[in-house]
Amino acid sequence: MKCLDEDGPFIAIVADMQMPGMDGIAFLRLVREIQPDAARIMLTGNADQNTLRRALDEAEIARFLTKPCSPELLRDAILEVVNRDALPPAA
């Protein structure tokens, strides 16, 4: 979490579900508390409904990507959430 405090703010943060020390949902939940404006993207090889529901409910993710994920799909997802936040609200 030191990186979030010292190197941020970040526009988007991508986390894998399987990480050492804590799972991706727990990490993105902490990200939401520290940097609520950062778009959160979950990347996982464990794409079951429970994981998706938890990620949406607990971490309020913007996108849920399953592995294998092409670099182009990851890039497009990041650009989508970054550009969505940059657009003015619809009238």
Side-chain angles (χ1 to χ4, degrees):
M1 294 307 144
K2 180 179 176 183
C3 177
L4 293 174
D5 290 329
E6 294 179 2
D7 298 331
F10 296 95
I11 297 170
I13 296 175
V14 180
D16 193 350
M17 184 60 181
Q18 303 276 332
M19 298 189 316
M22 73 174 66
D23 69 28
I25 294 171
F27 172 71
L28 290 176
R29 189 173 49 238
L30 287 173
V31 167
R32 186 187 72 200
E33 292 173 14
I34 296 168
Q35 291 192 23
D37 294 332
R40 293 167 298 281
I41 299 173
M42 171 65 66
L43 179 63
T44 183
N46 187 19
D48 60 74
Q49 290 295 317
N50 185 49
T51 302
L52 172 59
R53 186 175 321 110
R54 282 189 57 224
L56 288 168
D57 291 346
E58 296 177 30
E60 297 178 5
I61 60 167
R63 289 293 308 268
F64 187 85
L65 302 174
T66 57
K67 295 190 287 186
C69 178
S70 71
E72 295 82 16
L73 180 59
L74 179 57
R75 179 201 63 220
D76 290 348
I78 293 168
L79 289 173
E80 176 187 314
V81 298
V82 168
N83 290 333
R84 176 178 53 205
D85 290 343
L87 295 175

(message) Between Arg63 (side chain only) and Ile78 (backbone N and O only), is there a donor and an acceptor less than 3.5 Å apart?
(response) no

(message) Any side-chain to backbone donor/acceptor pair from Arg54 onto Ile25? Under 3.5 Å, distance only.
(response) no

(request) Can you measure from CG (Leu74) to NZ (Lys67) and round to the nearest 0.5 angstrom? (result) 11.5 Å

(message) Between Ile13 and Phe27, does the side chain to side chain contact (heavy atoms under 4.5 Å, CB included) criterion hold? Intermediate values first, please.
(response) CA-CA 10 Å; Ile13 296 175; Phe27 172 71; 3.8 Å; yes

(message) Counting only heavy atoms from other residues, nucleotides and ligands, does the tally under 6.0 Å from CD of Glu58 exceed 12?
(response) yes

(request) State the CG-CD distance between Asp23 and Gln18, to the nearest 0.5 angstrom. (result) 8.0 Å

(message) Show the nearest heavy-atom pair for residues Met42 and Asp16, with the distance to one decimal.
(response) SD-C, 4.1 Å

(message) To the nearest 0.5 Å, what is the distance between OG1 on Thr44 and CE on Met19?
(response) 11.0 Å

(message) Please find the pair of heavy atoms, one from Arg40 and one from Leu28, that lie closest to each other, and give the distance.
(response) CD-O, 3.3 Å

(message) A side-chain contact here means heavy atoms from C-beta on lying under 4.5 Å apart; do Leu43 and Cys69 qualify?
(response) yes

(message) If hydrophobic clusters are built by linking Ile, Leu, Val, Met, Phe, Trp and Tyr wherever their side-chain heavy atoms come under 4.5 Å apart, do Ile61 and Leu79 end up in the same one?
(response) no

(request) Indicate the atoms forming the closest heavy-atom contact of Asp57 with Arg32, along with that distance. (result) O-NH1, 4.1 Å

(message) To check you understand the geometry: which heavy-atom pair defines the closest contact between Phe64 and Thr66, and what is its length?
(response) CE2-CG2, 4.2 Å

(request) Mind listing the closest non-hydrogen atom pair of Asp48 and Thr51 along with its distance? (result) OD1-N, 2.7 Å

